[in-house]
Amino acid sequence: MESEAAASASAALDSAAAARRAAAQRLRTPRWYYPALGLLLAQHVFVQGLDERNWTLPSSLLLIGGAVVLVFVRRQATGLSIAGPRSAESRRLLALMSLTAAASIVLTAVVQSLAIGAVAALVALVVTTVTGPRYDEALRDERR
Amino acid sequence: MVAPAFDEVIHAPNRLRICAMLAPLAEAEFRTLRDTLGVADSVLSKHLKVLSNAGYVALSKPRGPSGRARTWASLTPEGRTALDAHLAELQRIASAAELPKPPAAALSPPRPGST
């Protein structure tokens with residue numbers, strides 16, 4: 001009798017673990033998401049190197065508005081949303097992307113060079129595109 | 001650490017799976033839940049209603065770009081606590097009683113010519 005209850009409890013635990021893994025497995029961001037986010041960031045970094053400062057406001061609006069649209073479309077496409085990173089690995093990858101973006105923007109704004117701006121924009125684009133899928137993988141791992 | 005507590009509302013197999021799936025997420029859309037769990041719309045609706053009535057799941061219906069309302073479900077803090085307590089209780093039951101081990105003879109390979 002007791003072993004029947006234990007077997008039933010084990011089966012229920014296995015079923016719950018399988019459902020949790022299935023949810024984690026579905027946390028797959030569409031392929032275009034990180035390249036698109038990287039392009040939004042890159043245009044903002046590049047604009048910081050222009051002499052003409054009038055581009056900063058439209059570029060900021062494009063970055064913020066574009067990011068909001070991207071997050072919304074991703075949510076609709078995957079049918080899931082998550083609260084944020086939980087593990088040290090996912091926090092580290094998010095920090096890497098955020099700090100690279102911030103450093104690229106600040107460096108270009110301080111140096112005021114088109115060449116530096118182009119290189120920094122490229123770095124921001126590549127880091128976001130390459131690190132984004134690794135960040136997703138870390139999010140899936142911590143939720144399995 | 002939550003105290004183990006058996007929860008009749010969560011224990012039904014499909015409701016346990018729904019709660020376990022929602023636990024690592026902020027929200028999940030109805031169709032995603034249905035497809036992942038492999039259940040019919042009516043079955044999922046029924047179980048979500050029970051969980052919602054118990055205060056374990058919050059349901060929202062924001063309108064998408066097409067104007068159609070989609071149902072999103074999330075685990076409430078009460079639901080999260082109840083799920084953790086229920087899983088802890090299942091863990092306690094599973095570990096309290098050792099499953100009977102098969103007799104040693106059944107584990108040893110058959111001897112040639114023994115049949």
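All values derive from a computational prediction rather than experimental measurement. Convention: sequence-line order gives letters A, B, ...; per-chain numbering from 1. Heavy atoms only: backbone and side chains are in, while hydrogens, waters and symmetry mates are out.
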Are [X] and [Y] joined in one hydrophobic group, where the rule is that I, L, V, M, F, W and Y side chains link up if heavy atoms are under 4.5 Å apart?
X	Y	value
A:L139	A:Y33	yes
B:L22	B:L37	yes
B:L44	B:L51	yes
B:V9	B:L87	yes
A:L40	A:Y135	yes

Problem - Atom pair OG1 (B:T36) and CD (A:Q25), whose distance is rounded to the nearest 0.5 Å - result: 10.5 Å

Fill in the blank from the handout: d(A:R20 CZ, B:L83 CG) to nearest 0.5 Å is 8.5 Å

Practice task
Step by step, work out the side chain to side chain contact (heavy atoms under 4.5 Å, CB included) result for B:T32 and A:T78.
Solution key: CA-CA 8 Å; B:T32 306; A:T78 60; over 6 Å; no

Handout entry: B:Q91 vs A:L13 side-chain heavy atoms within contact, under 4.5 Å
Key = yes

Practice task
Check whether any side-chain heavy atom of B:E29 sits under 4.5 Å from a side-chain heavy atom of A:Q76, and report yes or no.
Solution key: no

Quick check: closest heavy atoms across [X] and [Y], and the distance to 0.1 Å?
X	Y	answer
B:P24	A:A23	CG-CB, 4.4 Å
A:A12	B:L16	O-CD2, 3.4 Å
B:L90	A:A9	O-CB, 3.4 Å
B:I93	A:A6	O-CB, 3.8 Å

Residue [X] versus chain B: region with a heavy atom under 4.5 Å:
X	value
A:L27	side chain
A:R26	side chain
A:R21	neither

Practice task
Measure from the side-chain N and O atoms of B:R17 to the backbone N and O of A:A19, and report whether any donor-acceptor pair falls under 3.5 Å.
Solution key: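 Side chain of B:R17 to backbone of A:A19, a donor-acceptor pair under 3.5 Å: no, none is there.
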
Exercise for the section: Apply salt bridge (Lys or Arg N to Asp or Glu O under 4.0 Å) to the pair A:R75 and B:E27, showing each step before the final yes or no. Expected result: CA-CA 10 Å; A:R75 187 172 177 267; B:E27 274 187 310; 2.4 Å; yes

Exercise for the section: Decide if atom CG of B:D41 counts as having more than 12 heavy atoms of other residues, nucleotides or ligands within a radius under 6.0 Å. Expected result: yes

